[in-house]
Engineer: 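One structure is given below, represented as structure tokens, and several questions about it will come after.
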Amino acid sequence: MTDAVKPRLFRGLRDQLPEPMAARQWLIDTIRGVYELYGFVPLATPAIEYLDVLSGSAGTEAQDSIFTVKNPDVRPGDPEEPLGLRFDLTVPLARVISQYRDLPRPFRRYQVSSVWRRDKPGPGRFREFTQFDIDSVGVASEVADVEIIAAMCDTLTALNVGPYRVRFSSRRILSLLLKYAAIPEQIEVVERVRTGSGTFSEEKANRPADDVFRVLDKLERVGLEKLRLELTSGYTDKSGDFICGLGLGDDQVAKIENFLDIHSDSRSEVLDRLRDTFGGVEGADEEIDILAGMSRQLAGLGYNDDRVAIDLSVARGLAYYTGPVFEAVLLDAPKFGSVFGGGRYDNLVMRFLGEPMPATGASIGVDRLLAALLEIGKISARRATAQVLVTVMDKAMIDEYLGITFELRRAGVPAELFLGKKGIGKQLKYADAQGIPIVLMVGGDEKEKGTVTLKDLRKGRVMSAEIQARETWIRERPGQIEVPRGELLAAVRSMLAEAEERPAG
RNA sequence: GCCGGCGUAGCUCAGUUGGCUAGAGCGCCUGACUGUGGAUCAGGAGGUCACAGGUUCGAGCCCUGUCGUCGGUACCA
């Protein structure tokens, strides 16, 4: 043999093997069902886009995580037209909106697709992952945001994820916080730049005030102590890395803490306290009224405090959000963080269109949500799609086995004909290992009697615990029945009905 | 990106201060039991010790680099 190619995958990529795929497809189908119930229409766009279409929405730092693609058409002397893989579904949507002017407005679409980011992979974080997005483009009214929040709730309910909480706030409330705390648009910070092993040089730099939001977003993860340090002097973390502080003054930090102190399970209480705190701030009443209106509409539809909260620490990556922002967490799987999030982005489409175009939407991290549901046992992986394995007992009877298999399939019962070369014992073992619940056996005996033998492997699995001796095991033939050939379908159906399958499979 | 830990069978891991032919459990395969999945018993296959270089009489073990992986941190449109 010559050198075989080593089978391997590029870092951060993974295969999706059959077991989790079944659960994944159920997840996606269920989400799609909810979105179509809301009247959203499907859209697909290519994985590859021109790099200038992808980048720019979030500045140069965004480019660092885009996978670039070599343009095969570029010729010597021609201007380069670099390409990249999409990193989200929102930017392609903005392009589509701008490119197809005759699309209905408002345009309400859903899209489930892979996206790619060149970030460092981590647990539950891959370089290729699937997002499921829902967006309303062309609606300035907050009713569109209310609808998105409601759809998030209905989706999570349909997925049977257990208790969850959708939290929302508004980017404009956070802008008011900057006024309230008297934080200027540019913050001067001292960055520490590594110049060698263990040595640093200090450099002054300007950071936009939005950096404050980025820090606030970490509250839940790092706690108030570290948050305070990061707002002021900075600190050195466990690994010895220096975290740059924003150099805010005590008064400013105190006011931010006042703001963060406003939290309650009651939306109206949060709004009341916010009104008090932002008392003299210009424009505050108007923004708070908007949140109050959303809250009232949600309550009117039955989305109450038990699952939708106003949480002022929700900031999200604020690069293009302009209004309400929202995210959902599973209360049984808090460590997975936000599994579903979004917000209003009224300026994004303008980049392509040149004129304002309001838009709002949310995105599900399908992989993260799936991982969370598998971990808390709210969804189970199924190995087989077949419900019946038709075994091959006598090779001479293969035509009959084929016939039975197709009879089952044509009656809507997923069935597999065993195509390997193994004895009956091995075939049963195969069915058991694959999670196929029913085995069908027809040999010389059955043929003579005009019957078929059906075996429910799930019953045997239960009885296995009490049977010790192999003789007994074989003699008892747990879960096995013999029925007339003509009653095959009816018998299979009643056997399948006996143990009801969970929807997730 | 930065800091640190770890790479030994399909999986989880042992492997002494560097010393004979690299081990275990699980899984897999075969058989007992050729018409019965579990359990039990017996046997078997499977390793370039991540890769490359170096030190040494001798390296899974020590050194350097690369790759991978895990954790922290940054970023997350």
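Numbered from 1 within each chain, the chains take letters A, B, ... in sequence-line order.
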Engineer: Roughly how many Å apart are B/G18 and B/C61, using the C1' atom of each and rounding to a whole number?
Structural biologist: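 6 Å, rounded to whole Å.
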Engineer: Between A/Ser136 and A/Ala144, what is the shortest heavy-atom contact and its length?
Structural biologist: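 What the structure gives for the nearest pair is CB-CB, 4.3 Å.
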Engineer: B/U69 and B/C33: how far apart are their P atoms, nearest whole angstrom?
Structural biologist: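 About 49 Å, rounded to a whole number of Å.
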Engineer: Could you report the tightest heavy-atom contact between A/Val314 and A/Arg167, atom names first, then the distance?
Structural biologist: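 Reported closest heavy-atom pair: CG2-CB, 3.7 Å.
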Engineer: With a 4.0 Å cut-off on heavy atoms, is A/Lys459 in touch with a base, just the backbone sugar-phosphate, or nothing at all?
Structural biologist: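 No contact.
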Engineer: Could you tell me whether the phosphate oxygens of B/G31, OP1 or OP2, come under 4.0 Å of any side-chain nitrogen or oxygen in A/Lys426?
Structural biologist: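 Yes, because at least one side-chain N or O of A/Lys426 sits under 4.0 Å from OP1 or OP2 of B/G31.
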Engineer: Between B/A32 and B/U48, how far is it from one P atom to the other, in whole Å?
Structural biologist: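 Taking atom P in both B/A32 and B/U48, they lie 33 Å apart.
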Engineer: Can you see if the side chain of A/Lys218 gets near the phosphate of B/C75 - specifically, an N or O under 4.0 Å from OP1 or OP2?
Structural biologist: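 Answer yes for this pair, as a side-chain N or O of A/Lys218 is under 4.0 Å from OP1 or OP2.
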Engineer: Rounded to whole angstrom, note down the P distance from B/U17 over to B/G7.
Structural biologist: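 B/U17 and B/G7 have their P atoms separated by 16 Å.
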Engineer: Would A/Tyr35 and A/Phe132 count as a close aromatic pair, with their ring centres under 6.0 Å?
Structural biologist: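 Yes - the distance between ring centres of A/Tyr35 and A/Phe132 falls below the 6.0 Å cut-off.
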Engineer: Ring stacking, A/Trp473 with base of B/G38, under 5.5 Å and under 30°?
Structural biologist: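 So yes, this residue stacks on that base, both cut-offs being met.
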Engineer: Is A/Lys422 near enough to B/U34 that one of its side-chain N or O atoms lies under 4.0 angstrom from OP1 or OP2?
Structural biologist: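 Answer no for this pair, as no side-chain N or O of A/Lys422 is under 4.0 Å from OP1 or OP2.
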Engineer: Specify the separation, in whole Å, of atom CD of A/Gln468 and atom C1' of B/G38.
Structural biologist: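 From A/Gln468 CD to B/G38 C1': 10 Å.
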Engineer: Which residue lies toward the 5' end of RNA chain B, A/Leu13 or A/Asp119, if each is placed at its nearest nucleotide?
Structural biologist: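 Per heavy-atom nearest nucleotide, the more 5' residue is A/Leu13.
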Engineer: Counting the atoms with a prime plus P, OP1 and OP2 as sugar-phosphate, which does A/Met441 contact under 4.0 Å by heavy atoms, base, sugar-phosphate, or nothing?
Structural biologist: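 Base, at least one base heavy atom under 4.0 Å.
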Engineer: Can you tell me, in whole Å, how much space there is between the P of B/C76 and that of B/U16?
Structural biologist: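 Here B/C76 and B/U16 have their P atoms 46 Å from each other.
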Engineer: Could you tell me which nucleotide pairs with B/A74 by Watson-Crick or G-U wobble geometry, both distances under 3.5 Å, or answer none if nothing does?
Structural biologist: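 Answer to the pairing question: none, since B/A74 forms no Watson-Crick or G-U pair.
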Engineer: Would you please indicate if the ring centroids of A/Tyr110 and A/Phe40 are separated by under 6.0 Å?
Structural biologist: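 For A/Tyr110 and A/Phe40, the ring centres are not under 6.0 Å apart.
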Engineer: State, to 0.1 Å, how close A/Glu446 and A/Thr453 come at their nearest heavy-atom pair, and which atoms those are.
Structural biologist: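 Taking every non-hydrogen atom into account, OE2-OG1, 2.5 Å.
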Engineer: Would you say the base of B/U40 and the side-chain of A/Arg470 have a donor-acceptor pair closer than 3.5 Å?
Structural biologist: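 Checked by distance alone, the answer is no.
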Engineer: With distance as the sole criterion, is a donor-acceptor pair present between the side chains of A/Tyr401 and A/Asp394 under 3.5 Å?
Structural biologist: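 No, because no side-chain N or O of A/Tyr401 sits under 3.5 Å from a partner of the opposite role on A/Asp394.
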Engineer: How would you label the contact of A/Gly460 with the nucleic acid (heavy atoms, under 4.0 Å): base, sugar-phosphate, or nothing?
Structural biologist: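 Base contact - A/Gly460 has a heavy atom under 4.0 Å of at least one base atom.
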Engineer: Consider the side chain of A/Arg11, meaning its heavy atoms from C-beta on, and name the nucleotide among B/C75, B/U36, B/G68 that approaches it most closely.
Structural biologist: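 Of all the options, the side chain of A/Arg11 is nearest to B/G68.
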Engineer: Could you give the distance separating B/C63 and B/C70 at their C1' atoms, to the nearest angstrom?
Structural biologist: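 It works out to 24 Å between them.
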Engineer: Please name the nucleotide paired to B/G37 by Watson-Crick or G-U wobble geometry with both distances under 3.5 Å, or report none.
Structural biologist: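 Its partner is none (no Watson-Crick or G-U wobble pair with both distances under 3.5 Å).
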Engineer: For B/G31 and B/G47, measure between their P atoms and round to the nearest Å.
Structural biologist: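 Taking atom P in both B/G31 and B/G47, they lie 22 Å apart.
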Engineer: Just call it for A/Asp394: base, sugar-phosphate, or nothing, with non-hydrogen atoms closer than 4.0 Å on any strand.
Structural biologist: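 Nothing, no nucleic acid heavy atom in range.
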Engineer: Suppose we define a pair by two distances each less than 3.5 Å, Watson-Crick or G-U wobble; what does B/G25 pair with here?
Structural biologist: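 B/C11 is the nucleotide pairing with B/G25.
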Engineer: Determine which nucleotide pairs with B/G53, using a 3.5 Å limit on both distances of a Watson-Crick or G-U wobble pair.
Structural biologist: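 Across all strands, the one nucleotide that pairs with B/G53 is B/C63.
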Engineer: Rounding to the closest angstrom, what is the interatomic distance between B/G19 and B/G5 at atom P?
Structural biologist: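 To the nearest whole Å, 24 Å.
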